[in-house]
Amino acid sequence: MAMKIYPSQNRRNFSSSSNDAVSVSTIPLYRSAPALEVRLEDFESFAIDRLRVLKGISDGLSRGKKPDEMENLVKELWKANMRHQHASEALNKDIISHFVLRLVYCRTEDLRKWFLSMESALFRYRFRPLEAEAQRAVMDDFDLPYRAVSNVEFESIKEKLGQVARSMGQPPPTADAIFYKVPFEEVPELVAGRKVFINQGYAYVAMNQIVSLVATLFRSQLSKTLILTNRKWTSSIREQEKHRLTPIVEALCSSYLGPDYSQSREYGDISLKDIDQVAKRSFPLCMRHLFDKLREDHHLKHGGRMQLGLFLKGVGLNLDDALAFWRAEFSKKVGLEKFEKQYAYSIRHNYGKEGKRTDYTPYSCLKIISSTPGTGDHHGCPYRHFSEENLRAALGKMGVNSRSMEDVIDKVRNRHYQLACTLTFEALHGMPCDAGINHPNQYFSDSKKILDSKMDTSS
Amino acid sequence: MTRPIQEQEGALQRRKGKPAFLLVGQFKRTVIKTKMGQRGVSPLLSQFPANIYVHLPAISLTIASTNTNHFVLYSFVFFDSVHNSGSKANDSGTRTRIQPQSSQTILRFVVFRSPFRKLFPFADLVRWVSYGNDGKHPGCDQSYLGRREFSFTLENDIYVRFQSFNNALELENSIKEKAPVKIDIGPVYTVDPAKRSAYSQSENNVFAPAERELIFDIDMSDYDDVRYCCSGADVCLVCWPLMTIAIKVIDTALRDDFGFKHILWVYSGRRGVHCWVCDGKARRLTNEQRAAVADYFRVYKGNENSHKKVSLMGAAIHPFLATSYTNVLKDYFEKKLLIDQNILGTEEGYEKILNMIPDESIASELRERWQDSRRSSSSKEDINVVRWEQCKQLLQSGKHKSQGLRRCVEEIVFCFTYPRLDIEVSKHMNHLLKAPFCVHPNTGRVCVPIDPNQCEEFDPTTVPTLSQLIEELNNEGSKADVDGEWNRTSLGNAIAFFRSSFLHPLLKACKEEIENSYNLKLQQSKNSLGW
């Protein structure tokens, strides 16, 4: 890092370098660390401000906000946290905070993944509202080698391009529309959603889709540099900054990622004999559904085994009990022998006893909501993946009354899945849940907390 | 199944109740040999080693050699003596207690120098996964093959992962030694996977997948809600067209849309097909890019708990889906599956379709018509065709032009025909996939390549089985043959096809790619010297 960091008593003015030339509306690509002098207190406070933005984005994404809503959200968050009276200082703050957080979030795979997603989303929703000219300026910064499709080529594929546009509910492109012909692997997101016409390995990207291309590039560059930063961190920075930056860096990430359910066993172990009762009272619908299906079918496909298995681990079911639990069900269907051969391994694996011995973390709502269950699968978020009819039936079975049911369904229709889950929680427990539900294990521990305190007062 | 196996079962019956694992010595071998010899299989048995283990009460039989030079002959046949005893008439004494098709039991041989070893195309397999790097050109990456993971499944489902080999001989020797039931191919890693633990010690674990074919796995059991002939692991000629459709749709898109050229389709040995896309560009895709391709092919949204499995929104459908529909899906549905699967012939069947129609009034109108069977029974045409025409007519008639209904006919066809991929397999580089030419441990069928241009001709029920191949070899006698034994068996065509239409064009392209990138590098270093 080229940034120089000074302790707070050593007040100095920012000496911004060539950055003055950069127009305010464009977004920096954070290619290299700036030659800026930073006060130690700014080092931390800028980073915290940016973290607030990223955390807000994370919440927005997990609530399934639509792109337009995300754009507004990012605008608000940016305005609230990153504004500065002077444009040049705002840019400095942008750059400095990014590089500080890069250091904070380079250190483990999980941190890198989170930071990468949130920074990419931030970039995307800052890029989207830019004027075409400003967008082109950013594209120029990227040195994109792609040319716009010629008139002749456009005419030859006009029909297909129109088909794609209409499949997304957009009008067919006019003759002056600009399309870029790029290798399909550069725009995975557009390929995945069938939002582009693809022919012989090339995707035809419309100007209004260019954000996807640019965001993908941003993401892959950041991904690479995060690895490099991590190397620098482990090889030198951590040791050099042992007494100054390292403690700040190490504290910054843990304070904002929410509780870690892979470690917390606060509410103690649950035992096999009362697991049915506990499931009924304190499991969120996604887990309750998997649990019931397992009891019913004596089988769950891989996605379901992972989602429920890791949740149970987070809840405090130890490995032996977990094995006994799964064995009891699966052996009814596939037989004991097949269970031991095929399934026991993956359970031990989840507990970090096999394979690469990673102690896997229970899935968060974000992960569950964005999963894509297929035929025969029961995992995923019921609020998102169930039909309304099935969801109503499931909620009724849980004991949600008809008035609350309508509120829940209303949230679902607006794709606020976690809010729907929160409302379900509140309806069932008769208590507000101000923090909202962000993690199935949080649902469980909050539920347990309420039920235990009720028990205490009644006894 | 062949008689000799039945004979052998007769011989084993008498030893029921003995300890779980017993060593059958020289003379026991003679017993089996004699029994089988009567049916003319002695050339095979003469290659048995001296010591044979027989694993008894587990209803499965394993014959293994104590010699390290043995090889798995995979499964031979299914039969289950316990299950069948007494039920079927014993028309020729105690030895006909076996009913090959209905069993849960598997018979596996581990045979020293098994004839099948000669059939397994080790060299072709290794040349393929070396992608030209086994050549002499200075641009070849000599470490390439050695960084590829092979994984073996041994008897009793023991998995041996992260095997690596530097050449075909090493692979062949290891297979001979370990005698796996199944061989899987994994990714090419950054470092030799067999030495991965040495690298994982360091803080920056450099051990990671670096290259991997883009693979697809299509399994018939995922179609259980739209096939009424069989379910689970079973397939028949009535439902197999679903696989034909899948091959046609995916193969066309991989070539025309994504521009891939080196695509290998393989029968998985029982209930599905595997696809290997081997172009350099495909092998170097990231997980995210793989997921994008897989999602491009995905039209099924929602899980077991949402009714509609296919939802096509918008004023048009994507060109890829439109092409698939008009070129493949529509015809297969209307001319084949509709009738063969009797999709609208029963109440249960048509209710399933009616459930997919969002407009209640149309659904109930159709229901009324179809419940009144007299009206349709007079027609000479197939009842499914008549009903489908009625359904289409109502849905597409002028008065129902609402957004939801417009796509309904297509949605029904997609639901019953469109390929269902096991997406997870394609998404990640480190997924293993069974090597071609393995023998499926339960069916005994060889995983032969399928020609996508003639996939409608492919018949899974006539794929050569191991026992068939061995019989063919034995009948041929011990003629000296320089060009490998497979020529004379029914595997010959499969291997010839593998070479001519997949391996040779692939290796030619790899050679060009290696030369080009080498020359480019040379050019670059020359330029930099010039400065």
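Convention: sequence-line order gives letters A, B, ...; per-chain numbering from 1.
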Looking at B/Phe297 versus B/Phe216, is the centre-to-centre ring distance below 6.0 Å? yes
Examine whether an atom of A/Val196 lies under 4.5 Å from a heavy atom of chain B, and if so say whether it belongs to the side chain, the backbone or both; otherwise answer neither. backbone
Per-residue contact mode, B/Leu285 against chain A (heavy atom under 4.5 angstrom): side chain
Quick check on A/Glu337: does its CD atom have over 12 non-hydrogen neighbours (other residues, nucleotides or ligands) under 6.0 Å away? no
Which bit of B/Lys427 is near chain A, if near means a heavy-atom gap under 4.5 Å: side chain, backbone, both or neither? side chain
What part of A/Lys338 is in contact with chain B, defined as an atom under 4.5 angstrom from a non-hydrogen atom: side chain, backbone, both or neither? neither
Quick one: what part of B/Ile158 sits under 4.5 Å from any heavy atom of chain A, side chain, backbone, both or neither? neither
Check whether more than 12 heavy atoms from other residues, nucleotides or ligands sit under 6.0 Å from atom OH of A/Tyr202, and answer yes or no. no
So which of A/Gln170, A/Glu185, A/Lys195, A/Met168 has the largest heavy-atom pair count under 4.5 angstrom toward chain B? A/Glu185
Best-contacting candidate, B/Arg255, B/His318, B/Gln289, against chain A by heavy atom pairs under 4.5 angstrom: B/His318
With a 4.5 Å limit on heavy-atom distance, are the side chains of A/Val187 and A/Val182 in contact? yes
Kindly state whether the ring of B/Tyr189 and the ring of B/Phe207 have centres lying under 6.0 angstrom apart. yes
So do the side chains of B/Ile218 and B/Asp422 get within less than 4.5 Å of each other, counting heavy atoms only? no
